[in-house]
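Numbers restart at 1 for each chain; the letters A, B, ... are given by sequence-line order, proteins then strands. All values below come from the heavy atoms of this structure, side chains included, with hydrogens, waters and symmetry mates left out.
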Amino acid sequence: MSEPTDPHSDDTPDVVAAPEAAAGSGLAAEKERRLGLVEAMRESGDNPYPYRFDRTHTLADVRSGWGHLEPGIETEDPVSVAGRIMLKRDSGKLIFATIRDRSGEIQLFISKAVVGDDEFAAIKDLDLGDWVGVNGTVMTTRKGELSVKPDHVELLSKAIRPMPDKWHGLTDVDTRFRQRYADLIVNEDARRNFEIRHETVASFRRTLAKHGFIEVETPVLHPEVGGAHARPFTTHHNTLDMQLYLRIAVELYLKRLIVGGMERVYEIARTFRNEGVSTRHNPEFTMMELYQAFGDWNDVMDITEELITTAAQDALGTTVVEVRGEQVDLADAWPRKRMIDYASEGTGVELHPSMPISDVRKVAANHDVFVEDRWGAGKIIEELFEKTAESSIIRPTFVTGHPVEISPLARVDRNDPFLTERFELFVDGRELANGYSELNDPVEQRARFEDEQAAKAAGDDEAGSLDEDYIRALEYGMPPTGGLGIGIDRLAMLLAGVDSIKEVILFPTLRPEVH
RNA sequence: GCCUCUCUAGCUCAAUGGUAGAGCAGUGGACUUUUAAUCCAUUGGUUCUGGGUUCGAGCCCCAGGGGAGGCACCA
């Protein structure tokens, strides 16, 4: 409702378009024409936006029920179907229309003799993009096309705006992401990508339930930043007058639940990181994190393989995916290899976080790896791994044994005090998952946090804060625990075979549209 | 933040610095078994925005905006 004080309400030359302005067929004229049809329906007592429709069959139901019909058969089997008009072929006293619902498409065989002159005229006025409900019988045409022959076609919702090109669809990537609704209407690939994403998440939930994991929800608004190494979004609560951060991870909350005795928990968590946008990064993304009491990193690597392989089978019907042109069977065992071994091979120098920092710096300098003064040997080795090896890991591989310095929440390797029992899963050069034997010693955890605070004081603005409540929780005793995080978006990219994270996020972060 | 590319009708795309076009969609007409239906006719433009060069700019130059890719950032 526009108020009388609305500055635009006095001069409204373009609000009520003059009939002359509706001439032609630009967008404005097209909308005007369709609105005219809406108005005409209302004047004749028909609702162009009725409240509901009784559907007896989805279009897939019709296909599975009658798909075997020979050409040229007319049944008397009644069906009520509904969908959006995607194509229309008008051939005089017959109209062929293709409608689509979520399950598929089917042709309407609309005969003037069957529906009558008045309704046939109304059907002629339907536009591509309109939603219709149809009561009719199932038949096949002479050429064998399975069709519904309507007794009655009812407009369920009038489309005022024309659909994108019926053949070429929508290719402009900007419009595809901004107007995802239009993308989904016309682009089969877009619908498929989100179906794969859905199947992946649904599969995860089934696998996790099978293993006795409980799904939980923990806060999105965090008073402290922790659980990962990233810059947060900051926000403010008015009545509490406190600064809050959108979560960068859910790790510290889920482990509190392990302390509480919940034993096996997971969360499919929208997570936020205040970082650049790229084909692999969206500021908000989804991680599945799980924690399993009495387990360690080996248990967690096993469940990682099971989750992802099962998800591929469920979403694609196969465990074989194509990565950079190579057929990769996810069901093959995934190799495990230490980060320091990758870095050593990549540089030709035997590297270990125990070696003198000056030696590691020399290797870094030889490989053009930038080094901050505050970095220790462990951090530099990680940089060397990323520089020399990361992008060449095509097949799913667990990179293991991250240095303690870069893993403040992971437990020290039982065989090497400089490394942790940690792994990251890499596929196609991308990190897909991260997990470890969880550090549960409150005294050591405090010391690790304090080291991190030192890094923060030295200028690392991605370091977390010292979470006293988390330490308090550990002081009550956390059982030995294995933890895991899987990037759902990146996994969906892998399974869908797309190169941009925006293809698997319905509404990716974009700058606001300018008009 | 930096570099490269890109932006023309609702959609998909053309247009040597010289009158902005086509297909689809739309409109009018023909057609009772079409399949992106076909056939005839036809409407539709702030060429992203603002400057500049030029007799003349969709095209060349500058600035700005959106997007994409790459780099940087990114456990």
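Between B/U6 and B/G18, the two C1' atoms lie 26 Å apart (nearest whole Å). Between B/U34 and B/U16, the two C1' atoms lie 44 Å apart (nearest whole Å). Here the separation of B/G17 from B/C59, taken at their P atoms, is 11 Å to the nearest Å.
Within the structure, a side-chain polar atom (N or O) of A/Lys166 is placed less than 4.0 Å from OP1 or OP2 of B/A37. Considering only side-chain N and O atoms, A/Lys88 lies nowhere under 4.0 angstrom from the phosphate OP1 or OP2 of B/U35.
Within 4.0 Å of A/Ala113, counting heavy atoms only, lies at least one base atom of the nucleic acid. Nucleic acid contact class of A/Gly169 (heavy atoms, under 4.0 Å, all strands): sugar-phosphate only.
Across the protein-nucleic acid pair, A/His168 atom NE2 and B/C13 atom C1' stand 8 Å apart, rounded to whole Å.
Judged by distance alone, with hydrogens and angles left aside, A/His281 brings a side-chain donor or acceptor within reach of the base of B/C74, the pair sitting under 3.5 Å. Applying the 3.5 Å distance criterion, the base of B/U32 shares no donor-acceptor pair with the side chain of A/Ser91. Evaluation of atom-type donor-acceptor distances gives a pair under 3.5 Å for the side chain of A/Asp165 against the base of B/G23.
A/Phe398 and A/Trp334 have tilted rings, their planes meeting at an angle from 30° to 60° on a 0 to 90° scale.
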